[in-house]
Amino acid sequence: MAKKPFQRIIFALDLPTLNDALKYVELLKCSVGLFKIGLELFIAAGPMAIEAVKKAAPGCGIFLDLKLHDIPATVTGAMTTASELGERAGVDFVTVHCDDGGPLLKAAVEAASLDSATGHGLRVLGVTVLTSMSAEAMVEAGIDIKRFPTPPDLVLHRAAIASKAGCAGVICSPLEAQAVKEANPGLLVITPGIRSADAPADDQRRTATPYEAVKAGADYIVVGRPIREAENPVKAAALIASEIERALKERDPSLL
Ligand code: C5P
């Protein structure tokens with residue numbers, strides 16, 4: 001679907017208090033499309049964070065990055081509550097880990113009760129393999145590397161499970177975006193791990209630039225530190241939006 005390039009930026013509100021987060025919401029509400037409320041802010045401020053962000057930026061979407069991972073009954077309960085909350089507060093996406101396979105994802109999708117006719121309910125995104133995970137870390141985590149020699153092999157496997165379970169999309173690194181999109185054209189592809197080519201090393205491992213991510217097939221990119229720690233976050237977001245625009249012009253101008 002066509003969108004303005006900046007609307008494809010999900011800014012991660014990885015901040016310790018709601019007050020800190022709201023300062024960034026005020027600053028960036030015309031520069032990004034969605035705000036990500038993840039574990040740090042949700043644990044600090046709870047559902048109130050969603051309502052406050054939405055009130056401060058009614059034109060922006062909410063990406064609730066809960067990364068649920070538990071037995072299906074518990075995830076069903078959490079997702080039912082999240083779905084009611086999302087309906088009230090206007091949440092667009094919620095995340096669930098893919099590691100446990102189809103039954104857990106199916107339970108999450110059912111409890112999110114998205115009605116495709118009315119658009120009510122929550123869109124579930126499957127987190128395939130964290131962008132901080134390297135091939136070495138996969139070995140340490142006990143992944144069968146004969147079957148899944150590299151992170152992209154595991155990402156593709158999990159994306160297929162997420163698609164079958166009815167997820168609206170998946171989270172993967174930009175390095176897998178193209179393969180995931182080609183194998184699952186109907187899935188939204190959302191990529192964190194966004195870094196400029198000369199960025200200093202940090203915890204992210206499978207990274208690429210905004211241009212590379214969107215050129216490869218990302219529908220949205222999740223960006224935290226490159227905007228939050230920039231001297232001028234509004235300018236940093238604008239630069240990212242211009243890279244997105246350049247990538248979409250080359251990939252598919254009808255998406256602009
Ligand atoms: O600061 P940075 O740009 O690395 O932030 C990336 C954001 O994307 C963080 O909020 C992180 O929780 C989130 N994320 C990720 N990898 C995933 C899923 C979400 O980095 N697989």
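One is the number of the first residue; the rest follow in order along the sequence. Both counts, for ligands and for their atoms, begin at 1 and track the order of listing.
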Interfacing atoms of ligand 1 (cut-off 4.0 Å, heavy-atom, A12):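 Contacts of ligand 1 toward A12, numbered from 1: 10 (O).
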Step through the shown structure and confirm whether more than 12 heavy atoms of other residues, nucleotides or ligands are within 6.0 Å of CD on E140.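 Counting neighbours around CD of E140, 12 or fewer heavy atoms of other residues, nucleotides or ligands fall under 6.0 Å, so no.
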Please name all residues satisfying salt bridge (charged side-chain N to carboxylate O under 4.0 Å, His left out) with R206, sequence neighbours left out, ordered by chain then number.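 R206 satisfies salt bridge (charged side-chain N to carboxylate O under 4.0 Å, His left out) with E176 only.
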With a cut-off of 4.0 Å, which atoms of ligand 1 are near a heavy atom of D65?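 Going through ligand 1 atom by atom, the ones under 4.0 Å from D65 are 12 (O), 19 (C).
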Got an N/O contact under 3.5 Å between G224 and ligand 1?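 Yes.
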So which heavy atom in the protein is nearest atom 2 (P) of ligand 1, and how far is it from that ligand atom? R195 NH2, 3.5 Å
Relative to ligand 1, is T131 under 4.0 angstrom through side chain, backbone, both or neither, heavy atoms considered? both
Within the 4.0 Å heavy-atom cut-off, what I194 brings close to ligand 1 is neither
Heavy-atom nearest neighbour in the protein, as seen from atom 7 (C) of ligand 1, with distance rounded to 0.1 Å: V222 CG1, 3.8 Å
Any idea which protein heavy atom is nearest atom 19 (C) of ligand 1, and the distance to it?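 Looking at atom 19 (C) of ligand 1, the protein heavy atom closest to it is K67 NZ, 3.2 Å.
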Do me a favour and list the nearest non-hydrogen protein atom to atom 9 (C) of ligand 1 with residue, atom name and distance?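 Atom 9 (C) of ligand 1 sits closest to the protein heavy atom D14 OD2, 3.3 Å.
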Can V94 be reached from L104 by stepping across I, L, V, M, F, W or Y side chains whose heavy atoms are under 4.5 Å apart? yes
Quick one: nearest non-hydrogen protein atom to atom 6 (C) of ligand 1, plus distance? Q204 NE2, 3.7 Å
Heavy-atom closest pair (M138 atom, F148 atom, distance to 0.1 Å) is CE-O, 3.4 Å
Candidates T131, D202, T209 - the one meeting side-chain hydrogen bond (donor to acceptor under 3.5 Å, both in side chains) with R195: D202
Is any side-chain N of the basic residue among K249 and E245 closer than 4.0 Å to the acidic one's carboxylate O? yes
In this structure, SG of C167 is separated from CG of L105 (nearest 0.5 Å) by 4.5 Å
Heavy atom of the protein closest to atom 12 (O) of ligand 1 (residue, atom name, distance):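 Result: K36 NZ, 2.7 Å.
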Heavy-atom nearest neighbour in the protein, as seen from atom 17 (C) of ligand 1, with distance rounded to 0.1 Å: P192 CG, 3.5 Å
Heavy-atom count around K4 NZ within 6.0 Å, excluding the residue itself: above 12? no
Under-4.0 Å salt bridge between K23 and E26: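 No, K23 and E26 are not salt-bridged.
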Check each heavy atom of L130 against ligand 1 and say whether those closer than 4.0 Å belong to the side chain, the backbone, both or neither.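 It is both parts that get close, each with some atom under 4.0 Å.
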At under 4.0 Å between heavy atoms, is it the side chain or the backbone of P226 that contacts ligand 1, or both, or neither? side chain
Per-atom contacts, ligand 1 versus R225 - under 4.0 Å to a heavy atom: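 Numbered from 1, ligand 1 contributes 1 (O), 2 (P), 3 (O), 4 (O).
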Backbone or side-chain N or O of R228 under 3.5 Å from ligand 1 N or O: no
Should the pair R225-D14 be classified as a salt bridge under the 4.0 Å nitrogen-to-oxygen rule?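 Looking at R225 and D14, the cut-off is not met.
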